[in-house]
Amino acid sequence: MKKCCQDYMNEQFGGDADLIAEIYNEYVSSVTGKIAEAQTALAEQNRTALDRIAHTIKGNALAVGDTDMAEAAIALRKTAALGDDAGSAELIARLDSFKAQL
């Protein structure tokens, strides 16, 4: 678990290790699936779906204190809105690289 997430969730949930582990495991599972969905949405040039997926990633990341993931997802929303496929691809790759740190 990323230290920033551990610290944030300890503060939010009073150090309840079981609850923190459950929430974090759900986060990892969710964000992994959403990154794959983002790759598909980009390939299909479905910017509406890409924006929705990035919004979900952002919310989930903020819920566990993962600011790096949240910031990349916010930027992805912007590139999707601008129709910047190259920028979106770069940000999805960044999100995917963050996955290895989870």
Side-chain angles (χ1 to χ4, degrees):
M1 181 180 305
K2 291 174 73 173
K3 182 169 176 13
C4 63
C5 297
Q6 181 71 49
D7 293 346
Y8 178 80
M9 290 196 301
N10 273 332
E11 183 179 312
Q12 296 301 309
F13 302 109
D16 184 335
D18 291 337
L19 179 61
I20 289 168
E22 181 181 339
I23 291 169
Y24 193 76
N25 289 337
E26 180 60 33
Y27 165 66
V28 171
S29 176
S30 172
V31 83
T32 299
K34 291 298 178 189
I35 291 169
E37 288 178 29
Q39 292 165 333
T40 299
L42 179 61
E44 295 172 352
Q45 294 188 330
N46 186 341
R47 292 179 184 93
T48 301
L50 188 56
D51 176 64
R52 180 183 41 77
I53 293 161
H55 178 74
T56 300
I57 292 170
K58 175 198 68 152
N60 290 347
L62 289 173
V64 298
D66 191 345
T67 55
D68 293 335
M69 187 78 75
E71 289 172 3
I74 291 167
L76 178 57
R77 291 193 74 194
K78 291 177 184 175
T79 60
L82 294 171
D84 179 359
D85 292 342
S88 293
E90 181 180 315
L91 287 162
I92 292 170
R94 184 181 308 166
L95 290 169
D96 198 46
S97 74
F98 290 154
K99 218 171 43 175
Q101 299 170 12
L102 300 176

- Query: Rounded to the nearest 0.5 Å, how far does NE2 of His55 lie from CG of Leu76?
  - Reply: 13.0 Å

- Query: Quick one: CG on Asp18 to CD1 on Ile23, what's the gap to the nearest 0.5 Å?
  - Reply: 11.0 Å

- Task: Work out which heavy atom in Thr32 is nearest to a heavy atom in Val28; give both atom names and the distance.
- Result: OG1-O, 2.7 Å

- Query: Sequence neighbours excluded, which residues qualify as ring-ring contact (aromatic ring centres under 6.0 Å, His included) partners of Tyr27?
  - Reply: Tyr24

Would you give me the side-chain donor-acceptor pairs under 3.5 Å for residues 80-90, sequence neighbours excluded?
residue: Asp84; atom: OD1; partner: Ala86; partner atom: N; Å: 3.4
residue: Asp84; atom: OD1; partner: Gly87; partner atom: N; Å: 2.8
residue: Asp85; atom: OD1; partner: Arg47; partner atom: NE; Å: 3.4
residue: Asp85; atom: OD1; partner: Arg47; partner atom: NH2; Å: 3.0
residue: Asp85; atom: OD2; partner: Gln45; partner atom: NE2; Å: 3.0
residue: Asp85; atom: OD2; partner: Arg47; partner atom: NH2; Å: 3.0
residue: Ser88; atom: OG; partner: Thr79; partner atom: OG1; Å: 2.8
residue: Ser88; atom: OG; partner: Asp84; partner atom: O; Å: 3.0

- Query: Under 4.5 Å between any side-chain heavy atoms of Thr56 and Glu37, yes or no?
  - Reply: no

- Note on the structure: Rounded to the nearest 0.5 angstrom, the CD1-CD1 distance for Ile35 and Ile57 is 5.5 Å

Side-chain donor-acceptor pairs of residues 92-101 under 3.5 Å, sequence neighbours excluded:
residue: Asp96; atom: OD1; partner: Lys99; partner atom: NZ; Å: 2.7
residue: Ser97; atom: OG; partner: Arg94; partner atom: O; Å: 2.7

- Message: Can you tell me how far apart NZ (Lys3) and CG (Asn10) are? Round to the nearest 0.5 Å.
- Response: 9.0 Å

- Message: Evaluate Val64 against Met69 for side chain to side chain contact (heavy atoms under 4.5 Å, CB included), listing each step before the verdict.
- Response: CA-CA 10 Å; Val64 298; Met69 187 78 75; over 6 Å; no

- Does Ser29 reach the main-chain N or O of Asn25 with its side chain, forming a donor-acceptor pair under 3.5 Å? no

- Message: For Asp68, give me all partners under salt bridge (charged side-chain N to carboxylate O under 4.0 Å, His left out), at least two apart in sequence or on another chain.
- Response: Lys2

- Gap separating the CD atom of Glu71 from the CG atom of Leu91, nearest 0.5 angstrom: 11.5 Å

- Query: For the hydrophobic clusters of this structure (ILVMFWY residues joined by side-chain heavy atoms under 4.5 Å, transitively), does one cluster hold both Val31 and Ile74?
  - Reply: no

- Which residues pass the side chain to side chain donor-acceptor pair (under 3.5 Å) test with Lys58, sequence neighbours left out? none

- Message: Other members of the hydrophobic cluster containing Leu62, with the 4.5 Å side-chain heavy-atom rule, please.
- Response: none

- Message: Looking at every non-hydrogen atom in both residues, tell me the closest pair between Cys5 and Gly65 and how far apart they are.
- Response: SG-C, 4.1 Å

- Item | Least distance between heavy atoms, Ala70 atom then Ala61 atom | N-CB, 3.6 Å

